[in-house]
Amino acid sequence: QVPLVESGGGSGRSGGSLRLSCAASGYIHSDHCLGWFRQVPGKEREGVAVISAYGWTLYGDTVKGRFTVSRENAENSLVLQMDSLTPEDTAMYFCAAREFATCPDLGASTFAYWGQGTQVTVSS
C-alpha cells in the first residue's frame, strides 16, 4: 500500500503560518479517518486534528481556532493549515490513517498507519 508522506514542515515565526500536506493517495479516496498528530521527544503523542471520511472534524484544545484540517481529494492530500503559530507548536508532525471511516476522538492508539513525520519549529 502507498505510504503516507508528510511535507511542508520547517521553520516558522510566532504569529505566522505554515501549511502541512500529507500525500495520502492510498487512503484519501477510501473510507478512512485521517489525522494529524505531533510529538516532542520525551512526551506522548498529541492529537492535533482529525477528519472523518465524511468531513467531520475534531481539534485539540490547544490548536482550535488556529489550525484547519481538510481533505484535498483533487490533490490526493490531507492538509493542515497552521495559523497564529506559537513556539508551543514546535514538534514533529505526523499524518495518520485509521482503519475505519469515523474519528471518535483524538487518540493516537486507534490509528494504524503513520507517516515518517515532518519537523515544525516556531520561534519568536
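Quick caveat, the model's predicted, so the values are computed rather than measured.
The hydrophobic cluster containing V122 also contains L80, counting ILVMFWY residues as joined when their side-chain heavy atoms lie under 4.5 angstrom apart, directly or transitively. The hydrophobic cluster containing V63 also contains V120, counting ILVMFWY residues as joined when their side-chain heavy atoms lie under 4.5 angstrom apart, directly or transitively. Residue V48 is not grouped with residue V50 when hydrophobic side chains (ILVMFWY) are merged at heavy-atom distances under 4.5 angstrom, including chains of intermediate members.
Of the inter-residue distances, the one linking S124 atom OG with L85 atom CG reads 11.5 Å to the nearest 0.5 angstrom. Within the model, atoms CE of M92 and OG1 of T121 stand 8.5 Å from one another, a figure rounded to the nearest 0.5 Å. For the atom pair CG (L58) and CH2 (W56), the distance works out to 10.5 Å, reported to the nearest 0.5 Å. Here OG of S77 is found 11.5 Å from CD of E6. Values are rounded to the nearest 0.5 Å. L106 contributes atom CG, which lies 14.5 Å from atom CH2 of W36 (distance to the nearest 0.5 angstrom). R38 contributes atom CZ, which lies 9.0 Å from atom OG1 of T90 (distance to the nearest 0.5 angstrom).
Across Q39 and A91, no two heavy atoms sit closer than the pair O-CB, 3.7 Å. When all heavy atoms of F111 and L34 are compared, the pair lying nearest together is CE2-C, 4.1 Å. For the residue pair P87 and S14, the shortest heavy atom distance occurs at CD-OG, 4.1 Å. Between S11 and L18, the closest heavy-atom pair is O-CD2, 4.2 Å. Among all heavy-atom pairs drawn from V79 and E72, the shortest one is CG2-CG, 3.6 Å. Across C22 and L4, no two heavy atoms sit closer than the pair SG-CD2, 3.7 Å.
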- Task: Show your working on side chain to side chain donor-acceptor pair (under 3.5 Å) between E46 and T62 and close with a plain yes or no.
- Result: CA-CA 10 Å; E46 175 190 11; T62 59; 3.1 Å; yes
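P104 has its side chain within reach of R98: a pair of non-hydrogen atoms, C-beta onward, lies under 4.5 Å apart. You'll find the side chain of S17 reaches within 4.5 Å of the side chain of Q81, heavy atoms only.
Heavy-atom neighbours of Q116 CD from other residues, nucleotides or ligands within 6.0 Å: at or below the threshold of 12. More than 12 heavy-atom neighbours from other residues, nucleotides or ligands sit within 6.0 angstrom of CG on D105.
Each ring-ring contact (aromatic ring centres under 6.0 Å, His included) pair with one or both residues in residues 60-98, not counting sequence neighbours, would appear here, but there are none.
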